Amino acid sequence: KLWVGIYATADLGTFAKVTDMQNTAKGEIMQLGIYTKSTAFATSQVTGLQSVLTALQTNNKPISCAIISAEISATTDLSTVTTNLHGLSSQNVSVTIGQDGAGLGYKLWKATGKSITNLGEMLGCVALSAVNNSIAWLGKFQVAGTELSTIAFANGQNYTDLSDGLITNLDSYGFCFLRRIQDYAGTFHNRPYTCTLTTSDYAFIYNNRTIDKFIKNVRATVLPALGSNVTVNKDGTLSGDSINYFKTLASAGGLVMVGNGEISDFKIIINPSQNVLSTNTLTITAQILPTGVADFITINIGFVTSL
């Protein structure tokens with residue numbers, strides 16, 4: 001069970017209520033949306049939220065994906081946007097600037113003059129998807145219906161009014177939005193970026209969701225052994241029985257994800273030389289082989305004289 005939370009606020013001076021929400025939900029919120037209407041978007045919102053999420057993770061109450069609905073109504077021309085979200089270190093936070101261009105979202109935009117965004121739709125897609133799925137998967141996440149058949153950005157500019165180069169720039173800055181694909185009908189997401197380096201292991205929402213689920217699963221299967229005895233050999237190294245016992249516990253959580261196709265494989269490592277007698281701490285290392293995502297497919301085509 002993965003809960004979804006929505007936090008609507010006019011004041012982003014503090015994210016303390018995010019912690020309150022997670023505590024009330026007993027740590028079960030895994031996806032969170034932050035909707036703002038009065039405070040213009042700034043990177044300080046991203047970093048401030050990440051500090052709260054990091055603290056929650058330290059206390060074993062992680063929120064894997066927090067999406068900020070960027071208030072950019074005062075940005076009349078998106079070509080003036082130069083903020084690069086990939087320069088931040090906020091791996092659990094994403095920022096959406098997509099918006100409906102002709103339906104209810106558009107009417108709300110016209111009535112309020114405030115960014116509405118596709119926050120609810122994006123949050124729903126993330127929650128619906130398997131943890132290792134990218135919501136940019138065209139065949140699985142076509143989102144146009146009564147809403148989002150016409151798409152825009154959260155400053156009111158229509159998607160079709162922007163040049164390909166400008167759309168590419170916004171994508172390269174790490175913003176999330178809705179897009180069209182040539183020769184493929186529908187409305188789709190661009191890549192589900194997080195606000196961190198593109199070279200990071202956690203550069204996309206699905207990376208964080210996958211590893212957080214692995215941690216949660218393994219923690220659940222190992223917790224019953226907390227406070228248990230650990231036998232050692234005459235030289236103080238861990239006995240084979242102890243190593244096999246804890247490996248079996250830790251593996252149980254990972255095997256579920258392999259069976260579900262959420263990861264490709266994993267490995268549990270326990271160093272027999274660690275000094276549990278002195279530290280009362282058993283260290284277990286888990287290595288995860290994730291599934292890949294085909295964000296780009298290259299097809300090499302050419303004429304030949306024979307086959």
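For this chain, numbers begin at 1 and follow the sequence in order. In this text the structure is predicted, and so the values were computed from the model without any measurement. What's counted below: heavy atoms across the whole structure, side chains too, no hydrogens, waters or symmetry copies.
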Within the 4.5 Å heavy-atom criterion, are [X] and [Y] side-chain neighbours or not?
{"X": "Glu262", "Y": "Asn133", "answer": "no"}
{"X": "Thr237", "Y": "Val232", "answer": "no"}
{"X": "Thr194", "Y": "Val93", "answer": "no"}
{"X": "Leu282", "Y": "Ile270", "answer": "yes"}
{"X": "Thr283", "Y": "Asn271", "answer": "no"}
{"X": "Ile34", "Y": "Phe15", "answer": "yes"}
{"X": "Ile63", "Y": "Leu56", "answer": "yes"}
{"X": "Ile151", "Y": "Gln99", "answer": "no"}

Ignoring hydrogens, what is the shortest heavy-atom contact between [X] and [Y]? Give both atom names and the distance.
{"X": "Ser264", "Y": "Pro290", "result": "OG-O, 2.9 Å"}
{"X": "Ile72", "Y": "Asn155", "result": "O-CB, 3.3 Å"}
{"X": "Gly253", "Y": "Asn217", "result": "O-ND2, 3.4 Å"}
{"X": "Thr117", "Y": "Ala70", "result": "CG2-O, 3.8 Å"}
{"X": "Trp109", "Y": "Ser73", "result": "CZ3-CB, 3.7 Å"}
{"X": "Gly139", "Y": "Tyr184", "result": "CA-OH, 4.0 Å"}

Reported [atom1]-to-[atom2] distance for the pair [X] and [Y], which is rounded to 0.5 angstrom:
{"X": "Gln22", "Y": "Asn59", "atom1": "CD", "atom2": "CG", "answer": "10.5 Å"}
{"X": "Asn118", "Y": "Cys125", "atom1": "CG", "atom2": "SG", "answer": "8.5 Å"}
{"X": "Cys176", "Y": "Leu119", "atom1": "SG", "atom2": "CG", "answer": "11.0 Å"}
{"X": "Ile97", "Y": "Tyr173", "atom1": "CD1", "atom2": "OH", "answer": "11.5 Å"}
{"X": "Lys114", "Y": "Lys37", "atom1": "NZ", "atom2": "NZ", "answer": "9.0 Å"}
{"X": "Leu108", "Y": "Asp100", "atom1": "CG", "atom2": "CG", "answer": "9.0 Å"}

Just wondering, more than 12 heavy atoms not from [X] lying within 6.0 Å of its [atom1]?
{"X": "Phe246", "atom1": "CZ", "result": "yes"}
{"X": "Asp235", "atom1": "CG", "result": "yes"}
{"X": "Asp77", "atom1": "CG", "result": "yes"}
{"X": "Lys140", "atom1": "NZ", "result": "yes"}

So, the side chain of [X] versus the backbone of [Y]: is there a donor-acceptor pair under 3.5 Å, distance only?
{"X": "Ser94", "Y": "Cys65", "answer": "no"}
{"X": "Gln50", "Y": "Asn92", "answer": "yes"}
{"X": "Thr196", "Y": "Ala203", "answer": "no"}
{"X": "Glu147", "Y": "Leu104", "answer": "yes"}

Test salt bridge (Lys or Arg N to Asp or Glu O under 4.0 Å) applied to Arg191 and Asp295, step by step: CA-CA 8 Å; Arg191 302 170 82 187; Asp295 281 321; 3.0 Å; yes
From CA spacing to verdict: side chain to side chain contact (heavy atoms under 4.5 Å, CB included), Gln274, Val276: CA-CA 6 Å; Gln274 57 186 292; Val276 178; 4.1 Å; yes
Results of side-chain hydrogen bond (donor to acceptor under 3.5 Å, both in side chains) for Thr210 - residues two or more places apart only: none
By side-chain hydrogen bond (donor to acceptor under 3.5 Å, both in side chains) - contacts of Thr248 (at least two apart): none
Met257/Val131 under side chain to side chain contact (heavy atoms under 4.5 Å, CB included): CA gap, chis, key distance, verdict: CA-CA 10 Å; Met257 295 185 69; Val131 293; 4.2 Å; yes
In one Ile/Leu/Val/Met/Phe/Trp/Tyr side-chain cluster, 4.5 Å: [X], [Y]:
{"X": "Val293", "Y": "Leu197", "value": "no"}
{"X": "Ile288", "Y": "Val258", "value": "yes"}
{"X": "Leu166", "Y": "Leu178", "value": "yes"}
{"X": "Ile243", "Y": "Leu226", "value": "no"}
{"X": "Leu255", "Y": "Ile284", "value": "yes"}

Determine the interplanar angle of the [X] and [Y] rings, folded into 0 to 90°, and report it as parallel if under 30°, tilted if 30 to 60°, perpendicular if over 60°.
{"X": "Phe204", "Y": "Tyr206", "value": "parallel"}
{"X": "His86", "Y": "Tyr193", "value": "perpendicular"}
{"X": "Phe175", "Y": "Phe41", "value": "perpendicular"}

Chi angles and distances behind the side-chain hydrogen bond (donor to acceptor under 3.5 Å, both in side chains) call for Gln57, Asp212: CA-CA 9 Å; Gln57 191 159 37; Asp212 281 352; 3.1 Å; yes
Between [X] and [Y], does any side-chain donor sit less than 3.5 Å from a side-chain acceptor?
{"X": "His189", "Y": "Gln142", "answer": "no"}
{"X": "Asn275", "Y": "Thr279", "answer": "no"}
{"X": "Ser129", "Y": "Arg209", "answer": "yes"}
{"X": "Thr36", "Y": "Thr39", "answer": "no"}

Thr168 and Asp171: CA distance, side-chain angles, deciding distance, side-chain hydrogen bond (donor to acceptor under 3.5 Å, both in side chains) verdict: CA-CA 5 Å; Thr168 298; Asp171 181 85; over 6 Å; no
Steps toward side chain to side chain contact (heavy atoms under 4.5 Å, CB included) verdict (Met122, Ile205): CA-CA 11 Å; Met122 182 177 176; Ile205 291 173; 3.9 Å; yes
Verdict with reasoning, Thr47 to Ser44, per side-chain hydrogen bond (donor to acceptor under 3.5 Å, both in side chains): CA-CA 5 Å; Thr47 55; Ser44 58; 5.7 Å; no
Test side-chain hydrogen bond (donor to acceptor under 3.5 Å, both in side chains) applied to Asn158 and Thr160, step by step: CA-CA 5 Å; Asn158 286 332; Thr160 53; 5.1 Å; no
Steps toward ring-ring contact (aromatic ring centres under 6.0 Å, His included) verdict (Phe188, Phe141): CA-CA 7 Å; Phe188 309 94; Phe141 299 103; over 10 Å; no
Leu78/Ile167 under side chain to side chain contact (heavy atoms under 4.5 Å, CB included): CA gap, chis, key distance, verdict: CA-CA 9 Å; Leu78 289 172; Ile167 292 171; over 6 Å; no
